Amino acid sequence: MNPPVPSPTPELSARFDAAGGKPAYVRSMFDRIARVYDLMNRVMTAGMDGRWRGFAARQVALRSGEQALDLGCGTGDMAIALARHSPPDARIIGVDFSEGMLAVGREKLRRLGLSERIELRQGDGQRLDFADGAFDAVCSAWVVRNLADIPAGFREMRRVTRADGRVVCLEMSHPYNPVFNWGYHLYFDQLVPLLGKLIGKSFDAYSYLPSSVVSHPDAPALKRIMEDAGWRDVRYYYLLGGVVAVHVATNPASTPL
Ligand SMILES: C[S@@+](CC[C@H](N)C(=O)[O-])C[C@H]1O[C@@H](n2cnc3c(N)ncnc32)[C@H](O)[C@@H]1O
């Protein structure tokens, strides 16, 4: 039986309905904030987001000649972290449905001389345009929470991962210490939307962020969702007291999709 995925808050549901559904809302929001996205990440996390992607990239541990998918690659920072933590002949393909985010990402790859190693493509993460088993590993950073159907998302990731390949999912989670959790929510729910208004000119997008975390499964529940999708040896690591969780798992050779 599938573990329940919490419903979005009524306020978020209303936003999704007004936009014509969650994917339409999420896509147009990222199109809108693409130019300030990287700066906001650095400011909101006091520069820690790069270290968290580095941790996820080390879990992916791409080997020589391997190919990884960066699902929901956005402006390319996770794909770049993967490239930096892998041999030069490992190949990375990023997929995102926001053309605005991809445009920023492609400029960045050109600037960094990484366009040969990393390819960014437009596409829907829930219906990937790749053959079964096309990748040695699939990685995502701050994406799963945005999917319209998280269990189906993990099944689709498994479809495109080869047998014995791995998945790494970096996502916001829920701090386990109640006092820290209180302070974190004060910052995240009150201050982050104001920073979004000030720096990103978008209160709406940066109030979506805390609301979407409230309705995101906690780390043990996300582990069960992944197991239900057929992933095995699922384990997770908390970063910054559970503000972020990184789930890692293997695609069993023996279990059919
Ligand atoms: C918070 S950003 C993360 C970007 C990047 N992974 C990073 O580390 O900064 C989430 C990204 O996921 C993308 N996204 C969300 N749902 C998607 C879907 N169903 N298909 C493709 N991209 C999706 C959004 O367009 C956005 O660029």
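Keep in mind it's a predicted model, so treat the numbers as computed, not measured. For ligands, and for the atoms within them, numbers begin at 1 and follow the listed sequence. These numbers come from the heavy atoms of this one structure, side chains and all, not from hydrogens, waters or symmetry mates.
- By the 4.5 Å heavy-atom criterion applied to side chains, Trp142 and Met172 are counted as neighbours.
- Ring orientation note: the planes of Phe55 and Tyr237 are nearly perpendicular, at an angle over 60° on the 30°/60° scale.
- Remark: Glu11 CD is packed, more than 12 non-hydrogen atoms of other residues, nucleotides or ligands lying under 6.0 Å away.
- Interface of Arg53 with ligand 1, defined as ligand atoms under 4.0 Å from a residue heavy atom, comprises 7 (C), 8 (O), 9 (O).
- A donor-acceptor pair shorter than 3.5 Å can be found between the side chains of Arg145 and Ser212.
- At a 4.0 Å heavy-atom cut-off, ligand 1 does not touch Leu71 at all.
- Close approach of ligand 1 to Asp124 (heavy-atom distance below 4.0 Å) involves ligand atoms 18 (C), 19 (N), 20 (N).
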Next on the checklist: Show, in sequence, the C-alpha distance, side-chain angles and deciding distance for Tyr208 and Tyr25, and conclude whether the ring pair (Phe, Tyr, Trp, His ring centres under 6.0 Å) test is met.
Outcome noted: CA-CA 10 Å; Tyr208 163 79; Tyr25 175 82; 5.6 Å; yes

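- Residue Asn146 has no nitrogen or oxygen atom sitting less than 3.5 Å from a nitrogen or oxygen atom of ligand 1, judged on distance alone.
- Considering only heavy atoms from C-beta on, Leu170 stays 4.5 Å or farther from Val143 through its side chain.
- Checked against salt bridge (Lys or Arg N to Asp or Glu O under 4.0 Å), Arg235 has no partners two or more places apart in sequence or in another chain.
- Here the shortest heavy-atom distance to atom 18 (C) of ligand 1, taken over Trp142, Tyr37, Phe97, belongs to Phe97.
- Of all protein heavy atoms, the one lying nearest to atom 27 (O) of ligand 1 is Asp96 OD2, 2.6 Å.
- Side chains of Cys139 and Leu82 form a contact here, defined as non-hydrogen atoms less than 4.5 Å apart.
- Residue-ligand proximity: Cys73 is placed with a non-hydrogen atom under 4.0 Å from ligand 1.
- In terms of polar-atom proximity, defined here as any N/O pair under 3.5 Å, Gly72 does make such a contact with ligand 1.
- Looking at Ala148 against ligand 1, nothing comes within 4.0 Å, counting heavy atoms.
- Ligand-side atoms of ligand 1 in range of Gly123: 20 (N), 21 (C), range being under 4.0 angstrom from any heavy atom.
- Near Val143, with a cut-off below 4.0 Å to any heavy atom, the atoms of ligand 1 are 12 (O).
- On a distance-only criterion, Gly125 and ligand 1 share at least one N/O pair closer than 3.5 Å.
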